[in-house]
Structures are given as structure tokens and as C-alpha cells.
Amino acid sequence: AQSVTQPDARVTVSEGASLQLRCKYSYSATPYLFWYVQYPRQGLQLLLKYYSGDPVVQGVNGFEAEFSKSNSSFHLRKASVHWSDSAVYFCAVSMSSGGSNYKLTFGKGTLLTVTP
Amino acid sequence: DTTVKQNPRYKLARVGKPVNLICSQTMNHDTMYWYQKKPNQAPKLLLFYYDKILNREADTFEKFQSSRPNNSFCSLYIGSAGLEYSAMYLCASRTGGAAETLYFGSGTRLTVL
């Protein structure tokens with residue numbers, strides 16, 4: 001069955017430190033991969049997505065992610081985090097739901113806390 | 001304007017009573033989705049409308065109903081709320097294929113007592 005796994009439920013990093021949030025997926029076809037972020041009391045917002053080409057994709061606010069087909073992974077990175085990056089981060093894969101319909105399947109999310 | 005709006009922000013319901021949640025979008029998206037989000041769980045797809053066609057997930061088929069009277073609006077209906085329905089309900093919309101972005105509303109937090 002298709003699935004998305006985010007192994008770290010919570011990650012705490014110091015402001016200015018680098019960050020990696022892990023994501024592994026299981027999907028038999030070509031994956032379309034997404035990272036979404038949810039700030040407190042807001043809806044999910046797109047950070048970045050991958051569907052073809054360069055395996056390293058750039059997103060908003062200095063985030064990037066690297067797709068690895070061999071490892072079935074799509075890890076999110078940032079070189080230097082800011083306190084405002086504290087949020088819940090969701091990895092997702094877009095998969096066919098029959099015909100021309102597609103749906104997003106999400107991981108459980110990783111709560112990122114950036115400390116001063 | 002990439003806005004998906006959900007009303008109300010918070011909703012209280014009694015066990016056994018019906019619940020109706022509302023979502024709207026002004027982006028002329030052809031597909032609208034409803035997800036259920038519980039603490040420490042992944043957002044779970046309940047159903048979606050592609051144009052006027054309703055698609056419900058197999059494991060929630062009998063628990064949720066929906067209507068889409070026009071392209072902009074979509075509702076989620078629970079006929080008889082149980083305690084297990086307490087959750088955040090997220091509405092989203094998009095148009096196009098697998099690589100297209102889903103746009104989410106801020107959610108409705110439903111508490112069933």
C-alpha cells in the first residue's frame with residue numbers, strides 16, 4: 001500500500017542551526033512529492049514540490065528538499081533556521097485515485113521547535 | 001486570490017446530532033477535498049468532488065456525506081455525530097493533475113460532546 005513515513009514526530013533545533021526533516025514514501029509509480037507547513041492557527045501551505053528533473057528542489061523561505069529514488073526519500077533541509085520556522089511540517093505524495101483524479105497522502109507530520 | 005474559506009472555525013456538537021461544515025473557494029478549482037486531522041495522526045482523506053462527481057474513501061464511505069451545489073462551495077455532512085468524530089476538518093481545492101498544488105483552508109475544529 002502507498003504510504004508516507006515521517007519518522008521524527010518532534011525535532012528541536014537552535015536558532016541558526018541547520019535542519020533536516022526526514023520523509024520516506026512507498027509508491028509504485030512515479031512519485032509527485034510535496035512538503036507542506038502548518039503554522040499555528042493557519043491552514044497547510046505549500047513549501048515546495050518535486051515532480052521531475054533536478055532532484056534538489058528549492059522552496060520558500062530558504063527550504064530545499066532532495067528526492068532520492070533509490071532510497072524512496074524526500075528529505076527537507078534548511079541551512080539556518082529562524083524562530084519563525086517553528087511549525088508542523090508534512091510530507092505528502094500525490095497518487096492516482098482512478099481516472100484523472102489525484103489525491104494527496106500525508107505523513108503524520110513533524111513538529112519543529114526552534115529555540116533561542 | 002488563493003483562498004479557501006471554512007466556516008465555522010470552531011463547532012460544538014452533541015452526540016447523535018447532525019453536523020454540517022462549509023467550505024468555499026474562489027479559484028474555480030475543479031476538485032475539492034475534505035480531510036480529517038486528529039492529534040498525532042496524518043491528515044486522512046475522507047472524500048473529494050471532481051466537478052460534480054463525489055468520490056468517497058472506502059473506509060469512511062458510510063460515515064460522511066457531501067454536497068457541491070456549485071463550483072465554489074462544498075459541504076461535509078455527518079448524519080449522527082459520535083465522539084470519534086471530534087477532530088480538525090480540513091477543506092482543500094486544486095485543479096489539474098498530480099503535480100498541482102492543493103490549497104487548504106484554516107480548518108474547522110469539531111468537538112462532539
Side-chain angles (χ1 to χ4, degrees), chain A residues 1-10 23-53 57 59-60 67 87-111, chain B residues 1-10 23-25 27 29-61 87-109:
Chain A
Q2 292 83 358
S3 64
V4 177
T5 302
Q6 294 180 247
D8 304 309
R10 295 171 179 265
C23 172
K24 302 235 356 175
Y25 67 91
S26 172
Y27 186 49
S28 55
T30 302
Y32 298 89
L33 297 159
F34 299 74
W35 276 99
Y36 279 82
V37 60
Q38 186 174 30
Y39 300 103
R41 293 173 297 281
Q42 295 185 29
L44 278 71
Q45 303 169 34
L46 180 71
L47 267 183
L48 48 79
K49 61 183 176 182
Y50 170 82
Y51 50 92
S52 68
V57 291
V60 299
F67 166 65
V88 182
Y89 292 79
F90 292 94
C91 182
V93 60
S94 183
M95 56 185 67
S96 174
S97 184
S100 59
N101 298 320
Y102 295 90
K103 60 183 182 181
L104 274 189
T105 295
F106 287 89
K108 291 184 178 182
T110 298
L111 174 62
Chain B
D1 179 18
T2 55
T3 301
V4 178
K5 295 185 179 179
Q6 292 187 243
N7 288 299
R9 184 74 176 92
Y10 299 92
C23 177
S24 66
Q25 52 92 9
M27 298 169 280
H29 285 167
D30 56 22
T31 309
M32 295 185 73
Y33 302 81
W34 281 100
Y35 284 83
Q36 181 191 64
K37 176 70 173 74
K38 293 184 176 182
N40 303 315
Q41 295 184 20
K44 177 183 173 59
L45 180 66
L46 300 176
L47 53 86
F48 66 93
Y49 260 101
Y50 172 67
D51 195 12
K52 294 180 173 59
I53 301 171
L54 174 61
N55 298 269
R56 289 185 284 180
E57 294 294 284
D59 57 346
T60 56
F61 190 85
M88 177 72 83
Y89 289 86
L90 306 173
C91 177
S93 70
R94 76 169 166 185
T95 202
E100 296 305 315
T101 300
L102 233 65
Y103 294 92
F104 283 84
S106 298
T108 294
R109 182 169 297 282

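Side chains included, hydrogens not; waters and symmetry mates left out as well; all remaining heavy atoms used. Sequence lines set the chain letters: A, B, ... in the order given, protein chains first and strands last, and positions in each chain run from 1.
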At a heavy-atom separation under 4.5 Å, does B:R9 approach chain A through its side chain, its backbone, both, or neither? side chain
Using modelled atom types and a 3.5 Å cut-off, is there a donor and acceptor pairing between side-chain atoms of A:Y36 and backbone atoms of B:F104? no
Is it the backbone or the side chain of B:N55 that comes under 4.5 Å from a heavy atom of chain A, or both, or neither? side chain
Minimal heavy-atom distance between B:P43 and A:G107, with the atoms involved, is CD-O, 3.7 Å
With chain A, which of B:M88, B:E100, B:K44 has the greatest number of heavy-atom pairs at distances under 4.5 Å? B:E100
NZ (A:K108) with more than 12 external heavy atoms under 6.0 Å: no
Side chain / backbone / both / neither for A:Y32 at chain B, heavy atoms under 4.5 Å: side chain
For A:K103 and B:L45, which heavy atoms make the closest approach, and how far apart are they? CD-CD2, 3.4 Å
Restricting to ring pair (Phe, Tyr, Trp, His ring centres under 6.0 Å), what partner residues turn up for B:Y89, sequence neighbours left out? none
Contact part of B:T31 toward chain A, heavy-atom cut-off under 4.5 Å: side chain, backbone, both or neither? neither
Please name the pair of heavy atoms, one in B:R94 and one in A:S94, separated by the smallest distance, quoted to 0.1 Å. NH2-OG, 3.3 Å
For B:N40, does the CG atom sit with more than 12 other heavy atoms under 6.0 Å from it, leaving out its own atoms? no
Under 4.5 Å heavy-atom distance to chain B, tell me which part of A:Y50 shows up: side chain, backbone, both or neither. neither
Main chain of A:L104, side chain of B:Y33: is a donor-acceptor contact present, judged purely on distance under 3.5 Å? no
If one checks every heavy atom of A:L44 against chain B at 4.5 Å, the contacting part turns out to be both
Does atom OH of A:Y51 have more than 12 heavy-atom neighbours from other groups under 6.0 Å away? no
Could you measure the distance from the CG atom of B:L90 to the CZ atom of A:F106? Nearest 0.5 Å is fine. 8.0 Å
Point-to-point distance, once rounded to the nearest 0.5 Å, from CZ of B:F48 to OH of A:Y102: 11.0 Å
Measuring heavy-atom distances to chain B, does A:K49 have an atom under 4.5 Å in its side chain, in its backbone, in both, or in neither? side chain
